[in-house]
Amino acid sequence: MYALKDKEMIFVFTGPHGAGRKTVAEMSGSTLGMKQVISYTTRPPKATEEDGQDYHFISPAQFVQAQANDEFIEVSTVNDHLYGIKSADIESMFELSGSIYLILNRFGAETLRKLYGDRVVLIFIYADRDKLEQRMRESGDPDDIIAKYLSYYEDELSFRDECDHVFENVDLAHTVFDLTKTLDLYLNRNLVDLD
Ligand SMILES: Nc1nc2c(ncn2[C@@H]2O[C@H](COP(=O)(O)OP(=O)(O)O)[C@@H](O)[C@H]2O)c(=O)[nH]1
Ligand SMILES: Nc1ncnc2c1ncn2[C@@H]1O[C@H](COP(=O)(O)OP(=O)(O)O)[C@@H](O)[C@H]1O
């Protein structure tokens with residue numbers, strides 16, 4: 001396991017699928033110069049996804065081999081596919097930035113909290129069930145996948161009270177504005193007062 005240095009912080013975005021975790025994390029993360037740690041998965045890429053950008057797409061055999069080599073800090077199964085984060089990637093992202101972020105389901109969020117305690121900031125992003133369903137339909141997810149994701153909705157939502165910050169993502173610009181302000185409080189960027 002990577003040992004955190006001095007002021008290094010890990011931000012974990014969690015919440016129900018389709019809530020906009022990835023969208024808001026990327027917008028606030030890039031504004032604040034944070035780096036994302038990309039997970040490995042055995043899930044096949046969607047048409048719009050790129051290897052190394054959205055996920056590292058690997059075969060089940062490659063995943064099992066990496067697991068046997070003890071490369072993952074955390075592994076989770078979602079819809080029969082494996083997902084995991086490599087400790088070496090956490091280390092290499094910290095070489096580029098003092099703060100990193102990940103987008104994980106509640107099990108990954110719980111594991112990182114256990115491993116790194118209060119150096120992990122849990123950020124819960126959600127929207128109501130109807131909005132999620134509508135967003136998933138608009139992004140072209142098939143009916144059976146939408147039904148599966150919605151079946152996890154209540155379980156993911158119950159994790160909200162264990163998170164440090166909660167954002168209902170209705171209006172994207174407002175969410176990103178509020179989120180960026182919140183993250184900035186953790187980053188000690190020593191800004192000069194420009195007023
Ligand atoms: N615990 C854990 N969860 C992950 C990891 N990588 C991705 N996830 C989450 O697991 C779920 C994967 O579902 P998927 O159908 O691939 O959704 P997508 O990533 O939003 O397209 C999402 O909620 C991800 O945020 C990981 O390495 N560990
Ligand atoms: N506030 C919002 N209003 C409308 N659509 C949104 C909003 N935030 C995100 N979306 C859209 O919802 C879909 C799911 O967002 P995504 O960031 O992939 O969710 P998650 O990572 O939580 O699964 C995407 O098509 C995204 O463009």
Side-chain angles (χ1 to χ4, degrees), residues 1-2 10-27 29 34-93 100-116 120 122-127 129-160 162-163 169:
M1 172 180 142
Y2 173 73
I10 300 178
F11 296 94
V12 175
F13 289 84
T14 192
H17 179 89
R21 296 164 302 164
K22 185 176 169 172
T23 308
V24 301
E26 282 175 357
M27 291 172 83
M34 290 165 29
K35 295 286 172 197
Q36 183 184 355
V37 178
I38 309 283
S39 296
Y40 292 75
T41 184
T42 58
R43 162 168 87 60
K46 298 172 191 164
T48 53
E49 288 179 328
E50 254 182 69
D51 187 34
Q53 183 102 36
D54 299 283
Y55 284 99
H56 299 287
F57 296 99
I58 59 175
S59 68
Q62 286 172 312
F63 201 101
V64 169
Q65 185 60 56
Q67 247 179 321
N69 297 343
D70 212 14
E71 291 175 41
F72 292 113
I73 192 170
E74 188 270 341
V75 165
S76 191
T77 304
V78 182
N79 297 338
D80 301 326
H81 298 298
L82 291 161
Y83 294 79
I85 311 150
K86 286 193 182 174
S87 193
D89 291 344
I90 293 187
E91 184 166 1
S92 57
M93 285 304 137
I100 59 168
Y101 69 93
L102 302 97
I103 304 158
L104 303 175
N105 64 12
R106 62 171 296 173
F107 305 109
E110 277 166 341
T111 302
L112 283 200
R113 172 47 65 80
K114 277 193 200 117
L115 291 173
Y116 289 110
V120 168
L122 299 181
I123 297 159
F124 191 86
I125 308 290
Y126 78 104
R129 216 186 150 92
D130 290 346
K131 281 204 183 67
L132 295 201
E133 185 169 352
Q134 185 193 341
R135 287 177 197 171
M136 286 189 247
R137 290 203 186 287
E138 280 167 8
S139 44
D141 287 336
D143 283 357
D144 56 331
I145 295 288
I146 294 176
K148 254 188 192 163
Y149 284 135
L150 290 177
S151 73
Y152 307 140
Y153 182 78
E154 294 301 334
D155 187 39
E156 287 287 352
L157 210 70
S158 68
F159 189 57
R160 178 167 63 175
E162 288 170 57
C163 293
N169 178 25

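In this text, all values refer to a predicted model and were calculated from it rather than measured experimentally. All values below come from the heavy atoms of this structure, side chains included, with hydrogens, waters and symmetry mates left out.
- For the residue pair Val12 and Ala109, the shortest heavy atom distance occurs at CG1-CB, 3.9 Å.
- Taking both residues in full, the closest heavy atoms of Thr14 and Leu104 are given as OG1-O, 2.9 Å, listed atom of the first, atom of the second, then distance.
- The structure places CG of Asp89 at 9.0 Å from CZ of Phe72, a figure rounded to the nearest 0.5 Å.
- The backbone N or O of Ile125 lies less than 3.5 Å from no partner atom in the side chain of Asn169, so there is not a single donor-acceptor pair.
- In this structure, a donor-acceptor pair under 3.5 Å is absent between the side chains of Gln134 and Asp130.
- Taking OH from Tyr2 and CE from Met93, the interatomic distance works out to 12.5 Å, rounded to the nearest 0.5 Å.
- Among residues two or more places apart in sequence or in another chain, the salt bridge (charged side-chain N to carboxylate O under 4.0 Å, His left out) test is passed with Glu156 by none.
- Between Leu150 and Arg129, the closest side-chain pair of non-hydrogen atoms falls below 4.5 Å.
- Looking at every heavy atom in both residues, Gly52 comes nearest to Ile38 through O-CG1, 4.0 Å.
- Of all the heavy atoms in Gly15 and Phe124, the pair that sits closest is CA-CE1, 3.6 Å.
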(request) Please lay out, stage by stage, how Leu122 and Phe159 fare under the test side-chain contact (heavy atoms from CB on, under 4.5 Å). (result) CA-CA 10 Å; Leu122 299 181; Phe159 189 57; 4.0 Å; yes
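- With hydrogens and angles disregarded, no donor-acceptor distance shorter than 3.5 Å links the side chain of Ser76 to the backbone of Gly108.
- A salt bridge (Lys or Arg N to Asp or Glu O under 4.0 Å) check over residues 67-87, counting only residues at least two apart or in different chains, returns the pairs Glu71-Lys86.
- Atom OH in Tyr40 sits 11.0 Å away from atom CD1 in Ile85 (nearest 0.5 Å).
- A salt bridge (Lys or Arg N to Asp or Glu O under 4.0 Å) check over residues 145-155, counting only residues at least two apart or in different chains, returns the pairs Arg106-Asp155.
- Using bins of under 30°, 30° to 60° and over 60° for the plane-to-plane angle, the ring pair Phe13/Tyr101 lands in the perpendicular bin.
- Residues passing the salt bridge (charged side-chain N to carboxylate O under 4.0 Å, His left out) test with Arg135: none are found, sequence neighbours excluded.
- Proximity of Met136 to Ile145: side-chain heavy atoms (C-beta onward) are nowhere separated by under 4.5 Å.
- Residue Asp143 comes nearest to Arg137 through the heavy atom pair OD1-NH1, 2.9 Å, listed as atom of the first residue, atom of the second, then distance.
- Atom CD of Gln36 and atom CG of Leu102 lie 7.0 Å apart (nearest 0.5 Å).
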(message) What verdict does the side-chain contact (heavy atoms from CB on, under 4.5 Å) test give for Phe63 and Thr41, after you've listed the backbone C-alpha separation in whole Å, the side-chain angles of each residue and the deciding distance to 0.1 Å?
(response) CA-CA 8 Å; Phe63 201 101; Thr41 184; 5.8 Å; no
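- When all heavy atoms of Ala19 and Ala127 are compared, the closest pair comes out as CB-N, 4.2 Å.
- Using cut-offs of 30° and 60° on the angle between ring planes, the pair Tyr152 and Tyr149 is perpendicular.
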(request) Take Asn79 and His17 through the test side-chain contact (heavy atoms from CB on, under 4.5 Å) and record every step on the way to the result. (result) CA-CA 12 Å; Asn79 297 338; His17 179 89; over 6 Å; no
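- Counting only residues at least two apart or in different chains, salt bridge (Lys or Arg N to Asp or Glu O under 4.0 Å) contacts with residues 52-63 comprise Lys22-Asp54.
- Residue Leu115 holds its CG atom at 5.0 Å from CD1 of Ile73, rounded to the nearest 0.5 Å.
- Residue Glu50 places its CD atom among 12 or fewer non-hydrogen atoms of other residues, nucleotides or ligands, all under 6.0 Å distant.
- Legend: residues meeting salt bridge (charged side-chain N to carboxylate O under 4.0 Å, His left out) with Arg43, ordered by chain and number and at least two apart, are Glu49.
- Considering CD of Gln62 and CZ of Phe57, their distance stands at 13.0 Å, rounded to 0.5 Å.
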